[in-house]
Amino acid sequence: MSYADRLRAREREVGRPVRIGLVGAGQMGLGFVVQAARIDGMEVAAIADIAPERGVRAFERAGRADVRTDGDLAAAVELGQAVVVDDALALTRLPVDVIVDASGVPEVGARVAFAGLLAGKDIALLNVECDVTVGLLLSKVAAGLGRVYTVCRGDEPVECKALVDYVRDIGFTVVCAGKGKNNPLDPAATPDSVAAEAAAKGMNPHMLASFVDGSKTMIEMAALANGAGLQVSRRGMTGPYSTVDDLNRIFRPAADGGQLPEPGVVDYCTGPVAPGVFVVGHSDDPVVVEEMAYLGMGPGPYYTFYRPYHLASVEAPLSVAQAVLDRTPSLAPVAWNAEVLAVAKRDLAKGELVDGIGGETVYGVTDSAEAARAGGHVPLGLVSGARVLRDVPAGTVLTAADVAVDETTTIASLRRLQDRLLQGEPVRDLVPA
């Protein structure tokens with residue numbers, strides 16, 4: 001049965017649809033609300049946004065007029081009314097089944113995910129920035145509590161992970177998995193420098209800056225590496241220009257004429273591959289090579305498997321269905337192979353504060369988790385609000401000697417627990433902490 005059939009059957013059996021609490025009614029959140037409203041068997045029951053009017057407008061765009069912002073909101077949800085709150089943690093106290101975070105803010109994602117899991121909710125993130133910072137801990141906590149923690153479908157890491165699974169399932173070796181990057185890489189991009197383009201596209205300039213400066217691509221490929229058990233071949237990956245036809249020529253080991261230092265890695269390219277995702281698989285069995293040639297897949301032994309699109313918030317409800325019906329994640333860390341490190345976007349002066357992802361001061365670069373630990377580097381997801389300890393030249397990959405992270409944040413606390421988890425402490429001993 002399809003998810004659509006199973007969701008309808010579940011609603012008949014339980015007597016109500018799957019209830020979703022959504023954090024953030026911006027571009028991604030609005031798309032999610034409207035699309036979920038078109039799917040039988042699920043509904044966005046509550047929205048949390050620091051600007052509640054955005055939540056009200058999102059419900060209105062989805063055809064809901066019964067919006068409540070005060071009174072007994074839990075009772076309102078039980079009655080099937082739409083609820084809007086200004087505090088994301090309030091969702092953990094409402095009778096919803098799944099909390100979807102579309103804030104894109106690592107600290108918000110960490111607070112909501114951890115509190116939501118402890119409150120018995122499944123967690124689905126449209127917030128990969130949080131996942132690449134503390135996703136392993138959240139995934140382990142979820143498993144220990146019998147809940148599901150997942151990154152949502154529609155984001156490139158999840159759609160590429162599905163392609164990785166397919167390639168492995170049919171017996172090919174994954175050489176490289178990755179995505180096409182829409183924008184030419186400009187690490188110096190800031191909200192001001194992309195403001196005109198952002199306005200023309202109806203985008204938040206901080207979001208567009210995080211795309212153009214490469215941070216988003218680095219974050220997404222780190223999430224893919226951790227979720228698919230792949231590696232990062234070198235800091236920043238290779239990032240060449242490629243067409244779809246050239247993917248299996250470029251993303252093969254250098255020993256075979258490609259650009260990869262080694263197989264089994266994540267990477268990205270610029271060019272007309274975007275907005276798709278790809279996997280380069282390998283098989284040198286003569287029978288398979290002959291069959292693949294007959295099927296129009298080329299001479300081998302490297303083959304391109306390509307999905308030409310990802311549908312962002314339009315596909316994200318699939319992860320809610322998978323979590324509730326199958327009790328499995330679409331993507332969650334199975335290892336901690338990759339980190340996204342913070343790099344000074346400009347000269348930073350002692351005493352100033354770092355503004356975070358898509359801002360004026362830092363951008364992200366992917367590296368292996370081993371190299372990040374060895375260098376004492378600071379994860380990008382932790383640097384918002386960090387204080388600069390000494391003058392730092394532009395291009396410096398920041399370390400704990402360069403910036404002091406705000407250790408009072410939830411994400412910093414969870415990161416400390418995750419570091420202990422990676423050192424071998426069992427999660428059951430960490431959760432009470």
Side-chain angles (χ1 to χ4, degrees), residues 101 105-118 123 125 127-145 147 149-151 157 215 218-219 221-232 235 266 329 331-343 354 356-357 362 364-389 396-433:
D101 175 35
V105 180
E107 170 67 4
V108 173
R111 291 171 60 196
V112 171
F114 193 62
L117 290 171
L118 296 181
I123 301 297
L125 296 186
N127 186 344
V128 194
E129 296 83 352
C130 174
D131 179 74
V132 298
T133 311
V134 293
L136 183 65
L137 177 74
L138 293 172
S139 178
K140 297 291 186 182
V141 169
L145 295 172
R147 309 317 308 169
Y149 163 86
T150 185
V151 178
S215 297
M218 298 293 163
I219 289 165
M221 292 302 92
L224 176 61
N226 293 333
L230 297 169
Q231 302 294 328
V232 179
R235 180 173 292 172
V266 296
L331 175 79
V334 296
W336 202 251
N337 295 335
E339 294 276 13
V340 183
L341 312 180
V343 184
V354 176
I357 299 169
V362 292
V365 63
T366 299
D367 205 348
S368 72
E370 182 180 3
R373 280 193 301 272
H377 294 297
V378 179
L380 181 66
L382 294 184
V383 296
S384 180
R387 185 169 297 279
V388 180
L389 298 176
T396 300
V397 184
L398 301 179
T399 70
D402 299 314
V403 295
V405 168
D406 181 357
E407 297 291 350
T408 67
T409 61
T410 297
I411 197 164
S413 298
L414 295 184
R415 180 60 189 227
R416 291 193 296 272
L417 295 181
Q418 180 172 286
D419 289 342
R420 289 167 57 186
L421 178 69
L422 288 166
Q423 291 167 5
E425 293 190 45
V427 70
R428 64 177 177 272
D429 294 339
L430 296 177
V431 172

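The figures that follow rest on heavy atoms only: side chains count, while hydrogens, waters and symmetry mates do not.
- For Ala223 against Asp131, the heavy-atom pair with the smallest separation is CB-OD2, 3.7 Å.
- With hydrogens and angles disregarded, a donor-acceptor distance shorter than 3.5 Å links the side chain of Arg415 to the backbone of Thr133.
- Heavy-atom minimum distance, Ala412 versus Asp406: CB-O, 3.6 Å.
- Between the side chain of Thr366 and the main chain of Met218, a donor-acceptor pair closer than 3.5 Å is present.
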Inset, instruction - Using the side chain to side chain contact (heavy atoms under 4.5 Å, CB included) rule, take Val365 and Arg235 through it: C-alpha gap first, then chi angles, then the decisive distance, then the call. - result: CA-CA 7 Å; Val365 63; Arg235 180 173 292 172; 3.8 Å; yes
Inset, instruction - Verify side chain to side chain contact (heavy atoms under 4.5 Å, CB included) between Asp367 and His377, making sure each step is shown before the conclusion. - result: CA-CA 10 Å; Asp367 205 348; His377 294 297; 5.7 Å; no
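- For Gln231 (side chain) and Val266 (main-chain N/O), no donor-acceptor pair under 3.5 Å exists by modelled atom type.
- Between Leu341 and Leu380 there is no side-chain heavy-atom pair separated by less than 4.5 Å.
- Annotation: side chain of Phe114 is in contact with side chain of Leu414 (closest heavy-atom distance under 4.5 Å).
- Here the CG-CG distance, from Leu137 to Leu422, works out to 9.0 Å after rounding to the nearest 0.5 Å.
- Taking the side chain as every heavy atom from C-beta outward, Trp336 and Gln418 approach each other to under 4.5 Å.
- Leu398 has its side chain out of reach of Val343: every pair of non-hydrogen atoms, C-beta onward, lies at least 4.5 Å apart.
- A side-chain donor from one of Thr399 and Asp402 sits under 3.5 Å from a side-chain acceptor of the other.
- Taking every heavy atom of both residues into account, Pro106 and Gly381 meet most closely at CB-O, 3.7 Å.
- Closest non-hydrogen pair, Val134 versus Ile411, comes out as CG1-O, 3.8 Å.
- In terms of modelled atom types and a separation under 3.5 Å, the side chain of Ser215 and the main chain of Gly364 share a donor-acceptor contact.
- Side-chain N/O atoms of Asn226 and Asn337 include no donor and acceptor closer than 3.5 Å.
- Under the 4.0 Å criterion applied to side-chain N and carboxylate O atoms, Arg416 and Glu407 are assigned as salt-bridge partners.
- Atom CD of Glu107 sits about 9.5 Å away from atom CG of Leu382, to the nearest 0.5 Å.
- Between Val128 and Pro157, the closest heavy-atom pair is CG1-CG, 4.5 Å.
- Here the closest heavy-atom approach between residue Ile219 and residue Glu129 is recorded as CD1-CG, 3.7 Å.
- Across Ile123, Val132, Asn127, Leu331, a single residue satisfies side chain to side chain contact (heavy atoms under 4.5 Å, CB included) together with Val151, and that is Leu331.
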